[in-house]
2 protein chains.
Amino acid sequence: MASAAGVSISTASKALNDTGRMGAETRERVKRIAGEIGYRPNALARGLLSKRSFTIGLLTNDTYGRFTLPVMAGISDALVDHGVSVFLCAIEDDPALAQTHVDAMLDKQVDGIIATGKRLDKRLPVDLSNLHVPVVYAFTEGTQNSVTFRSDDEQGAKLAVEWLAMIGRRRIAHITGPEDFFSVRERAGAYHQVAGHREPVLYGVWSESWGHEAVEQLWSRPGEKPDGLFCGNDQIARGAVDALRERGVKVPQDVSVIGFDNWEIVAAQTRPPLTTVDMELKELGRQAGLTVLALAEGRPVEPGVRKLPCRLIVRQSCGGRAPGE
Amino acid sequence: MASAAGVSISTASKALNDTGRMGAETRERVKRIAGEIGYRPNALARGLLSKRSFTIGLLTNDTYGRFTLPVMAGISDALVDHGVSVFLCAIEDDPALAQTHVDAMLDKQVDGIIATGKRLDKRLPVDLSNLHVPVVYAFTEGTQNSVTFRSDDEQGAKLAVEWLAMIGRRRIAHITGPEDFFSVRERAGAYHQVAGHREPVLYGVWSESWGHEAVEQLWSRPGEKPDGLFCGNDQIARGAVDALRERGVKVPQDVSVIGFDNWEIVAAQTRPPLTTVDMELKELGRQAGLTVLALAEGRPVEPGVRKLPCRLIVRQSCGGRAPGE
DNA sequence: CTGAAAGCGCTTACAG
DNA sequence: CTGAAAGCGCTTACAG
């Protein structure tokens with residue numbers, strides 16, 4: 001490259017990086033020739049000097065990708081303009097595999113690591129607390145003094161239940177996942193706050209068939225039936241909607257149903273399509289990305305848990321109308 | 001590191017790499033001390049010499065991850081033992097974004113690139129044909145003289161239709177996606193080969209509602225109804241199963257239904273769970289990974305398209321029994 | 001205004 | 001059997 005432009009290698013370097021002092025024509029000429037011959041500096045050599053690899057690692061145990069992909073999209077989106085590329089490491093729940101991946105990334109001098117998972121209340125099977133690179137947690141439990149990003153499940157659940165109340169539903173039941181999930185308890189707490197304690201919460205598993213079964217339980221009880229269902233995720237909501245249809249109960253005319261997750265494949269294919277709560281995982285990824293970057297550059301970042309607000313996605317399973325409509 | 005062991009830096013290097021000649025005790029001592037202080041060589045410095053970064057890039061335009069994640073899992077699985085980490089770049093269908101990612105990876109001296117997508121008959125929006133690093137294509141269209149891995153859709157479709165025939169189905173209809181998809185035409189061709197040309201193929205879109213609608217069409221025609229449905233993907237199959245249930249047609253007693261993709265979230269949650277064709281994407285990823293690695297190491301690899309066999313996953317939507325049962 | 005030199009952390013011939 | 005030197009491709013003081 002330098003030889004092509006007829007200058008020394010150091011002059012070429014300075015020209016391209018807009019550093020040092022030299023004649024404007026020289027700088028222009030070097031840049032022009034670099035462009036012509038498609039010169040691109042070797043990031044490895046650059047990294048050796050600068051101690052920055054412009055590389056970060058994303059560690060996840062969410063094999064299925066339900067949570068990881070949107071988070072990854074946000075990270076990538078935020079960092080691509082800064083020239084940083086991201087290593088994706090799917091580690092299942094295998095501590096040895098996790099360690100292998102972490103070691104490989106550290107060898108490659110990653111500027112930081114983002115740990116992400118599928119539960120707010122579980123740790124990844126690897127200890128990241130004493131690394132010499134910054135670590136940020138997203139949608140998984142962090143450590144003391146770490147920066148952790150998570151969705152605000154309480155606020156999201158309130159959004160859902162308040163929406164049901166707002167469109168006139170008075171007997172709102174809550175069908176959700178296993179009680180040992182932190183987010184289940186948080187959503188149930190918010191449900192109780194808004195809807196009161198008249199109706200019990202139905203805890204179960206994260207499947208369509210549980211949504212189905214819960215509706216059977218609710219509708220085979222004596223007394224008044226619910227006119228609104230707040231479901232812990234979209235799969236449960238879909239099972240519930242299907243069960244209601246099979247019983248001849250009309251959604252949304254007779255009962256409004258609302259889900260959680262906004263998992264398109266489920267929410268959009270339900271008949272009718274589900275109104276649901278979106279956890280804004282892409283935004284969460286974006287912020288996590290910008291935060292590791294800040295830490296990598298030595299900028300100060302306040303440790304602690306950051307809760308990001310959820311957003312209500314209005315489709316047809318509740319009736320009512322979209323805000324502002 | 002070297003100083004800790006009281007040897008020169010070159011001796012340390014040779015000890016750890018099992019190269020050069022030295023006393024066995026010296027070698028052992030260096031290794032032991034390296035282990036104790038947790039020494040790990042800087043891969044950037046190493047890469048600068050060796051011209052190998054032990055890094056590859058995965059380029060995909062499958063935002064949703066339906067195809068990319070299993071492929072990625074296979075790649076990672078195959079390469080982690082070789083110490084290679086993988087950059088994931090989701091490029092949507094944006095040529096500028098794609099180029100940015102490719103440039104960033106080339107700067108980082110990736111040893112190779114795997115391009116993957118969501119259709120066998122579409123190119124990624126970026127030209128990878130004249131890179132100075134090896135490129136392998138997986139589940140996307142490659143270029144002249146490239147190595148491309150894809151599923152054998154014809155064989156997969158035969159597997160499905162032969163299974164329906166084997167369990168006694170005689171009037172098998174085929175409900176599938178848009179005819180302009182190469183894989184749709186290939187699967188339809190295989191269907192005709194096995195089932196004959198008595199029944200038309202119903203082309204549509206890749207959605208549950210199309211599966212629904214197609215069943216309405218078939219069952220509102222005069223004459224005999226099908227006793228077997230081969231669906232172009234699991235979503236269509238699920239829609240069909242739901243429509244049949246709503247009509248009071250029993251699956252699998254009256255009609256056997258078979259899907260394609262083995263997308264767990266759809267196939268396993270259908271009532272009854274879907275028998276379907278798995279494209280073995282993880283295996284495809286594994287082979288693609290080993291192939292870029294071979295190319296990166298300069299080992300010879302025959303160019304061309306490699307078709308990988310699909311596998312039948314037997315659940316309950318067809319009746320009959322699993323092979324060997 | 002420009003270039004020679006040192007150095008990032010390693011590996012690999014080459015001397016001793 | 002071990003170490004000093006050169007060099008991978010850059011950047012950054014430092015001379016000229």
Can you list every pair that meets side chain to side chain donor-acceptor pair (under 3.5 Å) and has a residue in residues 128-140 of chain B, with sequence neighbours left out? B:Asp127-B:Ser129
P spacing across the pair C:dG7 / D:dA4, given as an integer number of angstrom: 16 Å
With B for base contact, S for sugar-phosphate-only contact and - for none (protein heavy atoms under 4.0 Å), nucleotides 6-16 of chain D reads -BBBBBBB---
Would you classify A:Thr26 as touching base, sugar-phosphate or nothing, given that sugar-phosphate means primed atoms plus P, OP1 and OP2, and contacts are heavy atoms under 4.0 Å? sugar-phosphate
Kindly determine whether B:Arg311 and B:Glu283 satisfy salt bridge (Lys or Arg N to Asp or Glu O under 4.0 Å), including the steps that lead there. CA-CA 11 Å; B:Arg311 189 162 55 104; B:Glu283 177 58 24; over 6 Å; no
Tell me, please, which residues at least two apart from A:Arg123 pass salt bridge (charged side-chain N to carboxylate O under 4.0 Å, His left out). A:Glu141
Sequence neighbours left out, cut at 3.5 Å: what donor-acceptor pairs do the side chains of residues 52-61 of chain B make with other protein atoms?
unit_1, atom_1, unit_2, atom_2, d
B:Arg52, NE, B:Asp111, OD2, 3.1
B:Ser53, OG, B:Thr55, N, 3.4
B:Ser53, OG, B:Gln109, O, 2.7
B:Ser53, OG, B:Asp111, OD1, 3.4
B:Thr55, OG1, B:Ser53, O, 3.4
B:Thr60, OG1, B:Asp62, N, 3.0
B:Thr60, OG1, B:Thr68, OG1, 2.6
B:Asn61, ND2, B:Asp93, OD1, 3.1

N/O donor to acceptor pairs below 3.5 angstrom from side-chain atoms of residues 97-106 of chain B, sequence neighbours left out:
unit_1, atom_1, unit_2, atom_2, d
B:Gln99, NE2, B:Asp103, OD1, 3.1
B:Thr100, OG1, B:Ala96, O, 2.8

B:Phe149: which residues meet the ring-ring contact (aromatic ring centres under 6.0 Å, His included) condition with it, sequence neighbours left out? none
Acceptor/donor pairs from residues 71-82 of chain A side chains to any protein atom, 3.5 angstrom cut, sequence neighbours excluded:
unit_1, atom_1, unit_2, atom_2, d
A:Asp77, OD2, A:Arg286, NE, 3.3
A:Asp77, OD2, A:Arg286, NH2, 3.2

Partners of B:Asn145 by side chain to side chain contact (heavy atoms under 4.5 Å, CB included), sequence neighbours excluded? none
According to the Watson-Crick and G-U wobble definition with distances under 3.5 Å, which dot-bracket string, read 5' to 3', encodes DNA chain C, using [ ] for crossing pairs and | for pairs with another strand? |||.||||||||.|||
